[in-house]
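Step one of this worksheet: look at the structure below.
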Amino acid sequence: MSPTKGYAAHSAQEPLKPFSFERREPTATDVQIEILFCGVCHSDLHIARNEWGGTTYPCVPGHEIAGRVVKVGRDVKKFKEGDLAAVGCLVDSDRTCGNCQAGLEQFCEGGPTFTYNSPDQHTGGMTYGGYSKSVVVDQDFVLRLSDKLDLASSAPLLCAGITTYSPLRKWKVGKGQKVGVIGLGGLGHMALKFANAFGAEVTLFTTSPGKTADAKRLGAHEVIITKDQEALENQANRFDFIIDTVSAQHNINAYLGVLKRDGVLCLVGVPPDPMPVAAFNLIVPRRQLAGSLIGGIAETQEMLDFCADRGIACDIELIKIEQINDAYERMLKSDVKYRFVIDMASF
Ligand code: NAP
Ligand code: ZN
């Protein structure tokens with residue numbers, strides 16, 4: 001075991017604070033990474049504050065990890081000391097079930113091991129995430145990063161990137177389609193970039209009129225301010241696909257209404273409480289309500305390679321770890337432009 005330090009939540013009510021703990025020595029197939037940057041996902045806040053239930057304390061959040069390899073086990077072939085490397089939301093799975101075999105480790109039937117707040121097979125405790133200086137992960141769950149992209153701006157691709165890329169690919173979003181993105185935060189800004197890169201006609205639905213110019217720069221062709229009921233009603237039956245990234249309670253019926261026949265509303269945002277759905281909004285005209293969870297390891301690598309090829313990265317605001325509690329408060333006010341990334345090297 002080797003000592004490291006990070007920031008942890010010790011209860012749902014307290015701010016995060018410095019925390020010392022140990023990482024395992026790399027096994028034969030492990031990669032040890034010095035964490036240089038870690039993105040701040042709204043899921044970190046939901047889990048640190050136990051908004052979904054099931055948080056074990058202390059909890060070290062962080063699943064948008066970018067850094068440099070400092071040590072590899074003797075059987076590691078994919079990485080060597082000094083390489084850039086990244087870790088997203090997953091650090092292990094059973095690798096044998098049907099979903100793992102299909103490259104969908106996030107749905108592992110044996111239960112995926114998430115990067116934090118998951119039972120840790122090695123230590124018997126819980127996994128600790130990227131708000132820390134160092135992490136040890138099996139090589140099969142470590143991603144390659146191109147040096148063509150800025151490292152700090154690449155970190156949020158590991159969750160915000162793959163979570164929006166994966167459903168846009170699965171539902172074959174592209175040229176000739178009208179696509180909506182609800183919410184312009186970390187996930188939303190990547191959804192705009194990807195939907196635009198895939199050739200769709202892209203509309204942002206936002207509660208924040210001040211984000212209009214940014215949305216257009218990020219890839220939206222049109223921006224609809226959702227506080228204006230009439231503006232939404234004018235869009236009835238126009239959209240092929242909508243990705244909903246909103247983190248809090250909202251009226252999904254209003255968005256179902258803008259879908260065409262057979263259109264899909266895909267939830268990726270996870271408001272803690274259930275949201276009512278009016279049956280008629282689905283059955284006429286045969287609309288679909290769906291969901292999607294991050295993406296598998298192979299698809300995450302595909303997304304990172306696509307981003308490197310196309311020069312796509314995240315728009316970030318770099319913070320020090322000491323600012324994490326303020327960053328959470330700003331996130332709750334929809335004041336994120338458009339992802340906080342912690343500079344771990346300065347800690
Ligand atoms: P974020 O940066 O805080 O962005 C969320 C955006 O939602 C806000 O910027 C705001 O956009 C909008 N919003 C917030 N409160 C709202 C409200 N009450 N009504 C309407 N719109 C509201 O969060 P994020 O990191 O992108 O994460 C978004 C959600 O996705 C979270 O619930 C997170 O846990 C979840 N998530 C899911 C997955 C998955 O695999 N499915 C992966 C990562 C994250 P506007 O200002 O434009 O309205
Ligand atoms: Zn996340």
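These numbers were taken from a predicted model, which means no experiment stands behind them. Remember, it's 1-based here, ligands and their atoms both numbered in the order they're listed.
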Q) Under the criterion side chain to side chain contact (heavy atoms under 4.5 Å, CB included), which of L187, D315, V341 is the partner of P156? A) V341
Q. Applying a 4.0 Å heavy-atom criterion (strictly less than), which segment of K211 is in contact with ligand 1: side chain, backbone, both, or neither?
A. side chain
Q: Considering heavy atoms of the protein only, find what lies nearest to atom 8 (C) of ligand 1 and give residue, atom and distance to 0.1 Å.
A: S334 OG, 3.7 Å
Q: Considering heavy atoms of the protein only, find what lies nearest to atom 16 (C) of ligand 1 and give residue, atom and distance to 0.1 Å.
A: V246 CG1, 3.7 Å
Q) Below 2.8 Å, any N, O or S contact between H63 and the Zn ion (ligand 2)? A) yes
Q) Should C159 be listed as contacting ligand 1, given a heavy-atom distance under 4.0 Å as the test? A) yes
Q | Numbered atoms of ligand 1 (with element) below 4.0 Å of G183, judged on heavy atoms | A | 11 (O), 47 (O)
Q. Do you see a donor-acceptor pair shorter than 3.5 Å between the side chains of Y116 and D44?
A. yes
Q: Before signing off on this row, confirm whether L187 and ligand 1 have an N or O atom pair separated by under 3.5 Å.
A: yes
Q: Tell me which part of W52 gets within contact of ligand 1: side chain, backbone, both or neither, using heavy atoms under 4.0 Å.
A: side chain
**Q.** Per-atom contacts of ligand 1 with T245, taking only distances under 4.0 Å to non-hydrogen atoms
**A.** 5 (C), 28 (C), 29 (C)
Q. Just distances here: any N/O of C41 and N/O of ligand 1 closer than 3.5 Å?
A. no
Q: Run down the list P209, P271, S43, G186 and name the one with the heavy atom closest to atom 33 (C) of ligand 1.
A: S43
Q.
Can you tell me how far apart CD1 (I35) and CZ (R68) are? Round to the nearest 0.5 Å.
A. 14.5 Å
Q: Give the numbers and elements of all ligand 1 atoms closer than 4.0 Å to a heavy atom of A248.
A: 15 (N), 18 (N)
Q) Going by distance only, is there an N or O of G188 that falls short of 3.5 Å from an N or O of ligand 1? A) no
**Q.** Region of S292 engaging ligand 1 - heavy atom pairs below 4.0 Å
**A.** backbone
Q | Angle subtended at the Zn ion (ligand 2) by SG of C41 and SG of C159, nearest 10° | A | 130°
Q: Would you please indicate yes or no on a ring centroid separation below 6.0 angstrom for F19 and Y57?
A: no
**Q.** Short N or O distance, R339 and ligand 1, threshold 3.5 Å exclusive
**A.** yes
(Q) For F306 and F194, take the angle between the two ring planes, folded into 0 to 90°, and tell me which bin it lands in: parallel under 30, tilted 30 to 60, perpendicular over 60. (A) tilted
(Q) Which option wins on minimum heavy-atom distance to atom 31 (C) of ligand 1: K227, K333, H46, M190? (A) H46
Q) Do you see a donor-acceptor pair shorter than 3.5 Å between the side chains of Q301 and D305? A) yes
Q. What protein heavy atom sits nearest atom 45 (P) of ligand 1, and how far away is it?
A. T206 OG1, 3.3 Å
Q: Fit a plane to each ring of F205 and Y255, take the angle between them on a 0 to 90° scale, and name the class: parallel (under 30°), tilted (30 to 60°) or perpendicular (over 60°).
A: perpendicular
Q | Interfacing atoms of ligand 1 (cut-off 4.0 Å, heavy-atom, I294) | A | 39 (C), 40 (O)
Q) Evaluating non-hydrogen atoms only, which member of G185, S166, G39, P167 is closest to atom 4 (O) of ligand 1? A) G185
Q. Do the side chain of T55 and the main chain of A48 share a donor and acceptor less than 3.5 angstrom apart?
A. no
